[in-house]
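One structure is given here, and the rest of the page talks about it.
Note on naming: letters A, B, ... go to the chains in the order of the sequence lines (proteins, then strands), and numbering restarts at 1 for each one.
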Number of protein chains: 2
Amino acid sequence: MAAVDLATHPGHLARRLQQAHWLLWNTMVSEEITSPQFAVLNALVAQPGLDQRTVGERVGLDRSTIAEVITRLSRRGLLDKVRDPQDGRRSLLRPTEEGTRVHRKLTVRTARMNQVFLAPLSAEEQGLFFDLVQRVADAAEGLRNPAEPAAR
Amino acid sequence: MAAVDLATHPGHLARRLQQAHWLLWNTMVSEEITSPQFAVLNALVAQPGLDQRTVGERVGLDRSTIAEVITRLSRRGLLDKVRDPQDGRRSLLRPTEEGTRVHRKLTVRTARMNQVFLAPLSAEEQGLFFDLVQRVADAAEGLRNPAEPAAR
DNA sequence: TCGAATTAGTCAGGGCACTGAGTATTTCGG
DNA sequence: CCGAAATACTCAGTGCCCTGACTAATTCGA
């Protein structure tokens, strides 16, 4: 009676979108390495020697989650983790050779997957898709840090 | 060197979108009841007496996940779960009074939250957002069931 | 009618995501 | 120089999400 239509709820849609992506990733890219794992690997290939916190920030994972992801990647031998001799709090990360190789392989597959994923949209629509989703996500993330204290 | 820009990856964007939504839900709707839990409650308010599988289908959760969500809702006393006397395989679900009350309360808050979430977009853009995201999600979900065997 | 599918649900296992509390290390102010 | 604050990370706890293997119940066909 008083129920709403979930199709009008952007959050529900967001969840479905991610599930859909997960499915496609799993079948077209890899069953071993997940999308967040690839994101971490990608960040380290771009800039080896980053510490955990920074990588997490770059790919959008909190301190706990990034720790888990790194543990798994390290267990698979795709990255090395060493204590920073300059600052004993940090762990410095860099991809292994195997990690670099895997990253290269998945990059190709990921590109193909993205095409399939966005295939239902025209080129202009794809641009729009990125723009709209990014603006919504950015705005909501912005609400987290209540925007620099106005005064001073 | 060979790293890609994650901003061009729809999957990464989808993940960020969902995280953003989760954050907003948590602060504006409820810290107790999650968005998937609300979706299940909503389906049962619309149609009490559904079985687990059907509810899962309606809200987009697989058999295992729907079972967990229902356990939690039931533990909180928001729904009743009874064996179908007509078909001993099924569990029939219906919201309790408390469940209905909670659903009503959250419906109001959810509407407010959705407005804030989509605030960065104009009215037309919001329509577009729904259309684009829905089409991408639908298409990917469609790939799961390889579309009715062409020749019978 | 009786045995082979089919169907609903459970269970174990792996992974993502967040919070709050706790530990170790560094930095900074007095 | 030394203690308080900040910083990086770990750990425990909760919840979502999926697969594959299993159990119980029903249905369907020979």
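- In this structure, W25(A) atom CH2 and dT19(D) atom P are separated by 17 Å, rounded to whole Å.
- The side chain of T65(A) sits closest to dC18(C) out of dC18(C), dG15(D), dC17(D).
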Subject >> Base versus backbone protein contacts along nucleotides 20-26 of chain D [heavy-atom cut-off under 4.0 Å; B, S, -] >> reply: BB---BS
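- For F117(B), the ring pair (Phe, Tyr, Trp, His ring centres under 6.0 Å) partners two or more places apart in sequence, or in a different chain, are H21(B).
- Across all strands shown, D51(A) has heavy atoms under 4.0 Å from sugar-phosphate atoms exclusively, and none from any base.
- One interatomic measurement links the two molecules: CD of E31(B) to C1' of dT19(C), which rounds to 10 Å at whole-angstrom precision.
- Going from atom CD of Q37(A) over to atom P of dA17(C) covers 10 Å, rounded to whole Å.
- Note: CD (E32(A)) to C1' (dG14(C)) measures 12 Å, nearest angstrom.
- Whole-Å rounding puts the H21(A) NE2 to dC18(D) P distance at 14 Å.
- Using a 4.0 Å cut-off, no side-chain N or O of K81(B) falls inside it from OP1 or OP2 of dA8(C).
- When atom types are taken as modelled, the side chain of S91(B) and the backbone of Q52(B) share no donor-acceptor pair closer than 3.5 angstrom.
- A close approach under 4.0 Å does occur between a side-chain nitrogen or oxygen of Q19(B) and OP1 or OP2 of dC18(C).
- Between L61(A) atom CG and dG15(C) atom P the separation is 15 Å, expressed in whole Å.
- R94(A) meets the side chain to side chain contact (heavy atoms under 4.5 Å, CB included) test with P48(A), D80(A); sequence neighbours excluded.
- Across all non-hydrogen atoms, the minimal contact from R83(A) to G88(A) is NE-O, 3.1 Å.
- Using modelled atom types and a 3.5 Å distance limit, the side chains of D62(B) and T65(B) yield a donor-acceptor pair.
- Atom CD1 of I66(A) is separated from atom P of dT10(D) by 11 Å (rounded to the nearest Å).
- Taking the side chain of D62(A) as heavy atoms from C-beta on, and the options dA17(C), dA8(D), dA8(C), the nearest nucleotide is dA17(C).
- Nucleic acid contact for R75(B): sugar-phosphate only, since backbone atoms but no base atoms lie under 4.0 Å from a heavy atom of the residue.
- Within 4.0 Å (heavy atoms only), E68(B) reaches at least one base atom of the nucleic acid.
- The backbone N or O of G60(B) sits less than 3.5 Å from a side-chain atom of Q19(A), completing a donor-acceptor pair.
- Between R53(B) and R76(A), the residue anchored closer to the 5' end of DNA chain C is R53(B), taking for each the nucleotide with the nearest heavy atom.
- Using a 4.0 Å cut-off, no side-chain N or O of R15(B) falls inside it from OP1 or OP2 of dC17(D).
- Atoms CZ (R90(A)) and P (dT10(D)) sit 14 Å apart, rounded to a whole Å.
- For the residue pair A7(A) and Q134(B), the shortest heavy atom distance occurs at CB-NE2, 3.8 Å.
- A salt bridge does not link D84(A) with R90(A): every distance from a Lys NZ or Arg NE/NH1/NH2 to an Asp or Glu carboxylate oxygen is 4.0 Å or more.
- Residues T34(A) and N26(B) each lie close to DNA chain C; by heavy-atom proximity, the contact nearer the 5' end of the strand is made by T34(A).
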